[in-house]
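Below: one structure, written as structure tokens.
Treat the numbers as computed from the prediction; the structure is a model and nothing was measured.
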Amino acid sequence: MKCIRLTNISDNYFKLAWELYQKAFPSEEQRLLDAQALVMKKSNYHFEIIIEEKEFVGFLLWWDFETYKYIDHFAIAMQRRNLGLGKLILEKFIDTTDKPILLEVELPSSTINQRRIKFYEKIGFKLNQHYYEIPPLIEEQSSLQLLLMSYPEIISKKDVEEFIKICHPIMFKN
């Protein structure tokens, strides 16, 4: 299994990754294609696709900040789910860094959201209970309340506030 970093929406495999992105995430958590193209030009943003035996398996989209690595979006292709690949990919990602890792999850208001949280907890992520929201990714939308998960430890409310202050302007302003 290998990761390939894409830097442009015209790169090989981008179309497959983009189709999965649009299916795997609610519209309020998705960037528009033009916004995605701009974000991919940022040096600390990584749009990585996962390939196994020349087959597209999924993607891991993440940011490398000074104090954190932040997983923006992560998805496995439908036909490759429930085979342990997601766990394997995240464990490999964890092993490549000494920085704490953050990711967002939807509130545990549905069975699928609860299962997603449990998946990350089994890998070692901790669910933070501090209030957290992201600004709208599309102008006409509202802010979205989510929860932050962190690895290897829970982070403080002050850490969350600092992450928002320093990293959100980079992530959410093109």
Side-chain angles (χ1 to χ4, degrees), residues 1-7 17 20-21 24-26 28-31 36 39-40 42-52 57-77 80-135 137 143-173:
M1 200 168 1
K2 67 177 179 176
C3 290
I4 300 170
R5 184 177 183 182
L6 305 184
T7 57
L20 176 58
Y21 176 85
F25 296 95
E28 61 271 9
E29 294 180 28
Q30 295 178 25
R31 287 185 181 87
Q36 184 64 50
V39 166
M40 289 173 77
K42 296 185 180 189
S43 62
N44 63 334
Y45 181 78
H46 298 254
F47 190 113
E48 294 181 346
I49 55 148
I50 298 110
I51 303 294
E52 185 176 57
V57 171
F59 59 76
L60 182 63
L61 314 181
W62 59 279
W63 293 86
D64 191 3
F65 294 113
E66 190 175 323
T67 53
Y68 296 103
K69 284 195 176 178
Y70 169 79
I71 297 174
D72 198 11
H73 292 90
F74 173 58
I76 300 297
R80 302 301 298 265
R81 290 185 183 168
N82 300 313
L83 300 173
L85 291 174
K87 181 178 187 279
L88 184 68
I89 291 162
L90 287 175
E91 286 174 342
K92 199 173 177 181
F93 182 75
I94 288 167
D95 288 345
T96 66
T97 186
D98 56 355
K99 293 179 186 178
I101 302 168
L102 300 177
L103 59 84
E104 298 163 350
V105 290
E106 292 143 347
L107 302 176
S109 54
S110 70
T111 304
I112 188 79
N113 293 355
Q114 292 166 9
R115 282 182 38 212
R116 193 170 291 122
I117 291 167
K118 290 213 179 307
F119 165 77
Y120 289 119
E121 287 176 333
K122 285 179 186 174
I123 296 169
F125 283 86
K126 309 290 189 263
L127 185 63
N128 294 273
Q129 295 296 332
H130 315 298
Y131 182 83
Y132 178 75
E133 70 177 28
I134 61 168
L137 292 171
S143 295
L144 181 63
Q145 186 181 356
L146 299 168
L147 290 171
L148 271 178
M149 295 190 79
S150 52
Y151 180 92
E153 302 295 333
I154 285 179
I155 60 174
S156 70
K157 184 178 180 185
K158 183 177 182 259
D159 289 336
V160 171
E161 290 166 354
E162 190 150 316
F163 172 72
I164 292 168
K165 180 181 169 191
I166 294 169
C167 301
H168 274 202
I170 297 165
M171 295 171 5
F172 297 109
K173 305 255 187 304

query = Between the side chain of Arg81 and the main-chain N/O of Ile76, is any donor-acceptor distance below 3.5 Å?
reply = yes
key: side chain to side chain contact (heavy atoms under 4.5 Å, CB included) evaluation trace for Leu90 with Tyr151   = CA-CA 11 Å; Leu90 287 175; Tyr151 180 92; over 6 Å; no
Distance, nearest 0.5 Å, that separates CG of Leu60 from CG of Asp72 = 9.5 Å
Under 3.5 Å side-chain donor-acceptor pair for Tyr132 and Glu104 = yes
query = Are the side chains of Leu61 and Val39 in touch, meaning some heavy atoms are under 4.5 Å apart?
reply = no
message = Are Phe163 and Met171 packed together at the side-chain level, in the sense that at least one heavy-atom pair is separated by less than 4.5 angstrom?
response = yes
message = I want to check something: taking the side chain as every heavy atom from C-beta on, are Phe125 and Ile101 in contact at a cut-off of under 4.5 Å?
response = yes
Main-chain N/O of Pro108 paired with Gln114 side-chain donor or acceptor, under 3.5 Å = yes
query = So, do Ile50 and Glu52 sit near enough that their side-chain heavy atoms are less than 4.5 Å apart?
reply = no
task = With the side chain counted from C-beta on, respond yes when Lys87 and Lys122 share a heavy-atom pair under 4.5 Å apart, and no when they do not.
result = no
key: Aromatic ring pairing Tyr70/Phe65, orientation class (parallel under 30°, perpendicular over 60°, tilted between)   = tilted
Rounded distance [0.5 Å steps], CD in Gln30 versus CG in Leu137 = 9.0 Å
ask   = Closest approach of Pro152 and Pro100, non-hydrogen atoms and distance?
value = CD-CA, 4.3 Å
ask   = Heavy-atom count around Asn82 CG within 6.0 Å, excluding the residue itself: above 12?
value = no
query = Has the side chain of Arg115 got a donor or acceptor atom that lies under 3.5 Å from a matching backbone atom of Ser110?
reply = no
ask   = How many angstroms lie between CZ in Arg80 and CG in Leu20, if you round to the nearest 0.5 Å?
value = 12.5 Å
key: Any His46 side-chain heavy atom under 4.5 Å of Cys3 side chain   = no
ask   = Ala24 and Ala75: which non-hydrogen atoms are nearest, and at how many Å?
value = CB-CB, 3.9 Å
task = Please round to the nearest 0.5 Å and tell me the distance separating atom CG of Leu103 and atom NE2 of His73.
result = 11.5 Å
request  = Measure the shortest side-chain to side-chain distance between Asn128 and Asp159 over non-hydrogen atoms and say whether it is less than 4.5 angstrom.
outcome  = no
inquiry  = Quick one: does any side-chain atom of Tyr21 pair with a main-chain N or O of Arg31 as donor and acceptor, under 3.5 Å?
reply    = yes
remark   = Shortest non-hydrogen pair, Lys42 vs Ile170, comes out as NZ-O, 2.8 Å
request  = Run the numbers on Leu148 and His130 for side chain to side chain contact (heavy atoms under 4.5 Å, CB included), then give the verdict.
outcome  = CA-CA 8 Å; Leu148 271 178; His130 315 298; over 6 Å; no
inquiry  = Treating Lys69 as the side-chain partner and Phe93 as the backbone partner, does any N or O pair qualify as donor plus acceptor under 3.5 Å?
reply    = no
request  = Would you indicate whether Glu162, at its atom CD, is surrounded by more than 12 heavy atoms from other residues, nucleotides or ligands within a distance under 6.0 Å?
outcome  = no
key: Gap between atom CD1 of Ile112 and atom CZ of Phe119 - 0.5 Å precision   = 11.5 Å
key: Verdict with reasoning, Met1 to Leu85, per side chain to side chain contact (heavy atoms under 4.5 Å, CB included)   = CA-CA 10 Å; Met1 200 168 1; Leu85 291 174; 3.8 Å; yes
key: Between CG on residue Leu6 and CD on residue Gln36, distance to nearest 0.5 Å   = 10.0 Å
task = Begin with the C-alpha distance, continue with both residues' side-chain angles, and end with the deciding distance and a verdict on side chain to side chain contact (heavy atoms under 4.5 Å, CB included) for Val160 and Ile155.
result = CA-CA 7 Å; Val160 171; Ile155 60 174; 3.6 Å; yes
message = Using 30° and 60° as the class boundaries, would you call the ring planes of Phe25 and Phe59 parallel, tilted or perpendicular?
response = tilted
message = When you compare the side chain of Ile134 with that of His168, does any pair of heavy atoms fall below 4.5 Å?
response = yes
